[in-house]
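Throughout, numbering of the chain's residues begins at 1 and tracks the sequence.
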Amino acid sequence: MKKNYLKGSPKLKFRHPVTIEDYFFLTGCILAALLTAAAAVSVFMPGLWQNLQLPPCLFHLITGYYCPGCGGTRAVRALLKGRLLLSAYYHPFVPYTAALYLYFMITQIIERVSRGKFTIGMHYHSRYLWIALAVITGSFLLKNILHHFYGFVL
């Protein structure tokens, strides 16, 4: 007998069937807790993150071109420092994802706190993934075309 985990456990009573938005909301809450913990660590140990060295991109080392994710770490660092335009310059997927995350979490919190009186909660649509794929692909192509023809360095 297969269990349907989206319907909830027989021991737990839900006021509505569990949806994918519920799982995204839980994941978003966990992410917010992790970001808060990282921010607290950076306040009490300010030099900890500055000395963190990540390995170089193997794709870039082998081919000389930027991979689809090149600039992502720098974009996250810039975004966490509040430098939105620099983050978009490094990798536009990062601010796109951050904007979706903030909008999703804010609208879900409003809908949940109001107990459904304000049904403004953002719902999952595959178009968000297609837009993300287009942003990543466009960034990848633009960076490498500029690098190849104009010597652009990220």
Exercise. Is any side-chain heavy atom of Phe118 closer than 4.5 Å to a side-chain heavy atom of Glu111?
Worked result: no
Problem set entry | Min side-chain heavy-atom separation Phe24-Gln108 under 4.5 Å | no
Exercise. Are side-chain heavy atoms of Tyr124 and Leu129 found at a separation under 4.5 Å?
Worked result: yes
Exercise. Does the side chain of Phe104 reach to within under 4.5 Å of the side chain of Tyr128, using non-hydrogen atoms?
Worked result: no
Exercise. Going from CD1 on Ile109 to OG on Ser114, what distance comes out if it is rounded to the nearest 0.5 angstrom?
Worked result: 11.5 Å
For this session: Would you check if the side chain of Ser87 reaches a backbone N or O of Ala78 as a donor-acceptor pair within less than 3.5 Å?
Result: no
Problem set entry | Side-chain heavy atoms of Tyr90 within contact of Val94, under 4.5 Å | no
Exercise. Is the closest side-chain heavy-atom distance between Thr27 and Leu31 below 4.5 Å?
Worked result: no
Exercise. Given side chains that start at C-beta, do those of Lys143 and Tyr65 come closer than 4.5 Å, heavy atoms only?
Worked result: no
For this session: Would you check if Leu146 and Leu142 make a side-chain contact, meaning some heavy-atom pair closer than 4.5 Å?
Result: yes
Problem set entry | Gap between atom SG of Cys57 and atom OH of Tyr66 - 0.5 Å precision | 10.5 Å
For this session: Return the orientation label for the Tyr89 and Phe152 ring planes: parallel under 30°, perpendicular over 60°, tilted otherwise.
Result: perpendicular
Exercise. Counting heavy atoms not belonging to Leu85, are there more than 12 under 6.0 Å from its CG?
Worked result: no
For this session: Could you label the plane-to-plane angle of the His91 and Phe93 rings as parallel, tilted or perpendicular, counting under 30° as parallel and over 60° as perpendicular?
Result: perpendicular
